Trainee: 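The structure is given below, and queries will be raised subsequently.
On a predicted model such as this, the values are computed, not experimentally measured, just so you know.
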Amino acid sequence: MRRLRRDAEKRPVTLHQSVVVRREVKAAIQLIEWLRARGTSLTTCTQHDIDDWLATDIWVRYLARTFLVWSVRNRHAHRI
């Protein structure tokens, strides 16, 4: 979102950009909900949890990658 806002200062946000961001946010929410249902959180989940999540559904799961990379970089997720 921050990157999208920064880019919007230079030029208008395209429909495609907004669709991609919405999909990524939805995927991140789905991941957090899935982890919660398994009794874990982003902080305590492991690579095994993420692998299980990726293996259990359609390709849309890949859209959470941006969120996971951000989570690890900002130390919200430790064992991924």
Trainee: Ignoring hydrogens, what is the shortest heavy-atom contact between Arg23 and Leu63? Give both atom names and the distance.
Mentor: CB-CD1, 3.6 Å
Trainee: With sequence neighbours excluded, what pairs up with Arg38 under the side chain to side chain donor-acceptor pair (under 3.5 Å) test?
Mentor: Asp49, Asp52
Trainee: Just jot down the side chain to side chain contact (heavy atoms under 4.5 Å, CB included) partners of Gln47, sequence neighbours excluded, or say none.
Mentor: Ile50, Asp51, Ile80
Trainee: Is there a path from Ile29 to Val20 through hydrophobic residues (I, L, V, M, F, W, Y) whose side chains come within less than 4.5 Å of each other?
Mentor: no
Trainee: Taking only residues two or more places apart in sequence or in another chain, which ones pass side chain to side chain donor-acceptor pair (under 3.5 Å) with Thr44?
Mentor: Thr40, Ser41
Trainee: Among residues at least two apart in sequence or on other chains, which ones pass ring-ring contact (aromatic ring centres under 6.0 Å, His included) with His76?
Mentor: Trp70
Trainee: Looking only at heavy atoms, which two atoms of Ala28 and Ala64 are closest? And how far apart?
Mentor: N-CB, 4.4 Å
Trainee: Applying side chain to side chain contact (heavy atoms under 4.5 Å, CB included), can you list everything that pairs with Ile32, at least two apart in sequence or on another chain?
Mentor: Phe67
Trainee: Is the side chain of Gln17 donor-acceptor paired with the backbone N or O of Thr14 at a distance under 3.5 Å, no angle test?
Mentor: yes
Trainee: For the NE2 atom of His78 and the CG atom of Leu42, what is their distance to the nearest 0.5 Å?
Mentor: 8.5 Å
Trainee: Just jot down the side chain to side chain contact (heavy atoms under 4.5 Å, CB included) partners of Arg65, sequence neighbours excluded, or say none.
Mentor: Tyr62, Val69
